[in-house]
Amino acid sequence: MKNFMKEFKDFAMRGNVMDMAVGMIIGAAFTAIVTSLVDDILSPILGVLVQVDFNKLAVQIGSVDFKYGSFIMAVINFIIVAFALFLIVKGINKMTSLSRKEEPEQAPVTKECPFCKSEIHIDATRCPNCTSSLE
């Protein structure tokens with residue numbers, strides 16, 4: 001049991017798991033901000049423009065209400081979150097590509113023997129395979 005607990009502790013304290021936990025917490029907070037933006041700012045603006053409160057749009061069939069206005073706001077919420085995450089990932093990829101230094105192309109270290117077509121060292125004056133003299 002002690003070995004199991006040690007393995008679990010090592011797993012939980014590994015960098016990837018901690019990074020994922022922090023990302024989940026920040027993602028939940030970001031979702032709350034975007035939900036507030038959609039519900040408290042965008043929805044009233046759209047309501048003023050089209051003279052309809054989207055959150056109150058519903059169809060009643062029998063005794064069941066289908067709140068399609070709330071669904072429209074959830075779709076808008078999703079699009080905003082997806083777009084924001086796209087911009088964040090795009091920015092991170094740009095920063096990591098800037099930090100990578102392009103390695104210069106190295107000079108070749110081998111050449112082909114013109115007689116036997118085997119690969120030999122670039123400085124060789126005689127082919128080790130066919131013993132031909134190279135210029």
Side-chain angles (χ1 to χ4, degrees):
M1 187 68 174
K2 287 183 182 182
N3 191 28
F4 177 77
M5 293 304 288
K6 181 185 178 308
E7 287 179 21
F8 179 73
K9 180 182 171 190
D10 291 342
F11 169 76
M13 294 302 161
R14 195 172 349 154
N16 295 345
V17 174
M18 297 304 286
D19 291 343
M20 184 179 66
V22 169
M24 295 286 282
I25 293 168
I26 290 174
F30 183 71
T31 300
I33 291 171
V34 172
T35 301
S36 175
L37 171 72
V38 170
D39 291 343
D40 301 332
I41 297 174
L42 293 180
S43 180
I45 290 173
L46 287 173
V48 167
L49 293 176
V50 295
Q51 302 296 320
V52 175
D53 184 5
F54 280 98
N55 288 323
K56 293 183 180 177
L57 290 178
V59 172
Q60 186 173 7
I61 299 175
S63 62
V64 178
D65 286 336
F66 292 98
K67 299 180 180 181
Y68 66 91
S70 295
F71 176 74
I72 292 171
M73 290 292 102
V75 169
I76 292 171
N77 187 1
F78 171 78
I79 291 170
I80 291 172
V81 170
F83 183 70
L85 288 176
F86 167 75
L87 292 178
I88 290 169
V89 170
K90 186 174 179 174
I92 289 171
N93 288 342
K94 180 76 172 177
M95 288 185 341
T96 56
S97 70
L98 290 177
S99 67
R100 282 190 213 135
K101 295 181 181 175
E102 302 241 352
E103 294 181 13
E105 197 172 306
Q106 296 181 357
V109 293
T110 61
K111 64 181 178 181
E112 187 178 83
C113 174
F115 300 103
C116 69
K117 304 295 184 195
S118 62
E119 195 171 281
I120 58 174
H121 194 273
I122 193 93
D123 295 330
T125 57
R126 187 172 289 275
C127 178
N129 299 312
C130 68
T131 67
S132 298
S133 181
L134 305 172
E135 296 178 10

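Everything numeric here is computed off the predicted structure, so don't read it as measured data. Below, all heavy atoms of this structure are taken into account, side chains as well, without hydrogens, waters or symmetry copies.
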Engineer: First locate atom CD1 of Ile122, then atom CD of Glu112, and finally report the distance between them rounded to the nearest 0.5 Å.
Structural biologist: 11.5 Å
Engineer: Side-chain heavy atoms under 4.5 angstrom apart, residues restricted to Ile, Leu, Val, Met, Phe, Trp, Tyr: same cluster for Phe78 and Met73?
Structural biologist: no
Engineer: Once side-chain contact (heavy atoms from CB on, under 4.5 Å) is applied, do any residues pair with Ser118, and if so which ones, sequence neighbours excluded?
Structural biologist: Cys113, Cys116, Ile120, Cys127, Asn129
Engineer: Pick from Val75, Ile76, Asn77: which one makes a side-chain contact (heavy atoms from CB on, under 4.5 Å) with Ile79?
Structural biologist: Val75
Engineer: What pairs with Ser36 under side chain to side chain donor-acceptor pair (under 3.5 Å), at least two apart in sequence or on another chain?
Structural biologist: Asp40
Engineer: Using the test salt bridge (Lys or Arg N to Asp or Glu O under 4.0 Å), find all partners of Lys90 that sit at least two apart in sequence or belong to another chain.
Structural biologist: none
Engineer: Same cluster or not: Val59 versus Ile72, using hydrophobic residues (I, L, V, M, F, W, Y) connected whenever any side-chain heavy atoms lie under 4.5 Å apart?
Structural biologist: yes
Engineer: Just checking Phe30: does its CZ atom have more than 12 heavy atoms from other residues, nucleotides or ligands closer to it than 6.0 angstrom?
Structural biologist: yes
Engineer: Would you name the heavy atoms of Ser133 and Arg126 that are closest together and state the gap between them?
Structural biologist: N-NH1, 4.1 Å
Engineer: What residues form a side-chain contact (heavy atoms from CB on, under 4.5 Å) with Ile45, not counting sequence neighbours?
Structural biologist: Ile41, Leu49
Engineer: Please identify each residue that fulfils side-chain contact (heavy atoms from CB on, under 4.5 Å) with Thr31, with sequence neighbours left out.
Structural biologist: Thr35
Engineer: Who passes side-chain contact (heavy atoms from CB on, under 4.5 Å) against Leu57, sequence neighbours left out?
Structural biologist: Val52, Phe54, Tyr68
Engineer: So which atom in His121 and which in Lys111 form the shortest heavy-atom distance, rounded to 0.1 Å?
Structural biologist: O-CE, 3.8 Å
Engineer: Please check if Val89 and Ile92 belong to a single hydrophobic cluster, counting links between Ile, Leu, Val, Met, Phe, Trp and Tyr side chain heavy atoms closer than 4.5 Å.
Structural biologist: no
